[in-house]
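Just below is one structure, and these are the notes that go with it.
Fair warning: this is a prediction, and the values are worked out from it, not measured in the lab. Excluded from the calculations below are hydrogen atoms, water molecules and symmetry mates; all remaining heavy atoms, backbone and side chain alike, are included. Just so you know, ligand 1 is whichever comes first in the structure, and atom 1 is the first atom listed for that ligand.
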Amino acid sequence: MRRKVIIGNWKMFKGPQAARQLAKSLKLKLTDIRKAEVAVCPPFVSIEAVREIIKDTRIGLGAQNMYLQKSGAFTGEVSAEMVAESGCAYVIIGHSERRQYFQESDDSVNQKIGFALNEKLKPVVCLGETLSERESNRTEDVVKRQYIGAMKNIVSADAEKIIIAYEPVWAIGTGKNATPEQANEVHRFIRDLAANLYGKKFSEKMIIQYGGSVKPENANDLLSCKHIDGALVGGASLDADQFASIVRTAEKLI
Ligand code: PEP
C-alpha cells in the first residue's frame, strides 16, 4: 500500500485570525480521514494559532521556510530549532518562490536540510524546472542538479525522512498543471536518481509529491499515477472545501 501525503502551503496568506478560521473548517471537514497523511504550513506568525486548533487531530503542522544557522544575529530569520519548538513536524525547503525571490541555491537547500534533520523535522524539499528550461529540454538536467545538490552528504537513514516535492515552476499558481503523464515521468526520473544514490528499495519507498495548480478537478488524475505519492497544494489549500476534497481523493486512492 502506497502512502499519500497532502500538504497545504498557505504562502503569505492568513494571519492568525484568518488562519484560525481556516484551521477550524479543515478540522471539521477532515474528521473521517484515516489513511492519508495531511499537514498545513501557515505563515510563521500563525503557527501557534493553528497548532491550538488542530492539536487533537490528524492534521500535521509545518513551516514554509527556516534559516541555515542554529541561532545568532540574523535579524528576521527563524531557526529549525524554533520551528520544531513551535510544534511543527514539517518544513518546506527550497520552494521555487524562495529560489526565485530570495536567491536560495542548491547549496543553501542542502544546508537547511541538515539543520532541519538535526531538529527531527521532516523536510519537504521542492525541485522543478522553469518554463524555459522545459522548453529547451533541460528538465532532467535541472531536476538532477537540484536533487543531487540537495542530498549532498545526506546518508540514507536521514534521506528516508525527506519528502520530495516535484513542482514545475511554470505550473505554480498559474492554473496550468503538468499533465499526469508529464508529472509521472519526472517523478519516475527522480525515483531513478534516488535509486542510484540510495538503492532501489529506498527509492520505492520514498515520497514524491507533485505540486503545481493541484485542484479538486485534477487531483484524482494526478494522484492516481504510479509515481505520485501526494501533493503540495498552494492556492487550493486556502479554501477548506477544495483542500478537503483533495485530501478525500487521496484517501480513496490508498
Ligand atoms: C505551491 O505553492 O507549492 C504550489 C504548488 O502552489 P499552487 O498549488 O497554487 O500552484
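- Gly234 N, 3.6 Å is the protein heavy atom nearest to atom 4 (C) of ligand 1.
- Counted within 6.0 Å of CZ on Phe13, heavy atoms from surrounding residues, nucleotides or ligands total 12 or fewer; the atom is thus considered open.
- Using a 4.0 Å cutoff on heavy atoms, Gly212 counts as a contact of ligand 1.
- Among all protein heavy atoms, the one lying closest to atom 1 (C) of ligand 1 is His95 NE2, 3.2 Å.
- Residue Ile172 approaches ligand 1 through these ligand atoms, each under 4.0 Å from one of its heavy atoms: 4 (C), 6 (O), 10 (O).
- Interface atoms of ligand 1 facing Leu232, defined by a heavy-atom separation under 4.0 Å, are 3 (O), 5 (C).
- If you check which protein heavy atom lies closest to atom 3 (O) of ligand 1, you get Glu167 OE2, 2.7 Å.
- Near Ala171, meaning under 4.0 Å from one of its heavy atoms, ligand 1 places the atoms 10 (O).
- With rounding to the nearest 0.5 Å, the separation of NZ in Lys27 from NZ in Lys55 is 8.0 Å.
- Within ligand 1, the atoms closer than 4.0 Å to a non-hydrogen atom of Gly173 are 7 (P), 9 (O), 10 (O), numbered from 1 in the order shown.
- Proximity of Lys215 to ligand 1 is not established, as no heavy-atom distance is less than 4.0 Å.
- The shortest N or O to N or O distance between Asn9 and ligand 1 is under 3.5 Å.
- Here Phe102 sits in one hydrophobic cluster together with Tyr101; the rule is ILVMFWY side chains under 4.5 Å apart, joined directly or through other members.
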Verify salt bridge (Lys or Arg N to Asp or Glu O under 4.0 Å) between Arg34 and Glu251, making sure each step is shown before the conclusion.
CA-CA 8 Å; Arg34 297 283 173 272; Glu251 177 89 354; over 6 Å; no
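- Scanning Ala231, Gly235, Gly128 for the heavy atom closest to atom 9 (O) of ligand 1 points to Gly235.
- Heavy-atom contacts from other residues, nucleotides or ligands closer than 6.0 Å to NZ of Lys144 number 12 or fewer.
- Side-chain atoms of Thr249 and Pro216, non-hydrogen and from C-beta on, never get closer than 4.5 Å to each other.
- Using the six-membered ring where Trp is involved, His187 and Tyr166 have ring planes that are perpendicular, over 60° apart on the 30 and 60° scheme.
- Using a 4.0 Å cut-off to heavy atoms of Ser213, the atoms of ligand 1 that qualify are 7 (P), 8 (O), 10 (O).
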With a 3.5 Å cut-off and sequence neighbours excluded, list the donor-acceptor pairs that the side chains of residues 108-115 form with protein atoms.
unit_1: Ser108; atom_1: OG; unit_2: Ser105; atom_2: N; d: 3.0
unit_1: Ser108; atom_1: OG; unit_2: Ser105; atom_2: O; d: 3.1
unit_1: Asn110; atom_1: ND2; unit_2: Ala150; atom_2: O; d: 2.8
unit_1: Asn110; atom_1: ND2; unit_2: Lys152; atom_2: O; d: 2.8
unit_1: Gln111; atom_1: NE2; unit_2: Asp107; atom_2: OD2; d: 3.4
unit_1: Lys112; atom_1: NZ; unit_2: Asn65; atom_2: OD1; d: 2.7
unit_1: Lys112; atom_1: NZ; unit_2: Met66; atom_2: O; d: 2.9
unit_1: Lys112; atom_1: NZ; unit_2: Glu104; atom_2: OE2; d: 2.6

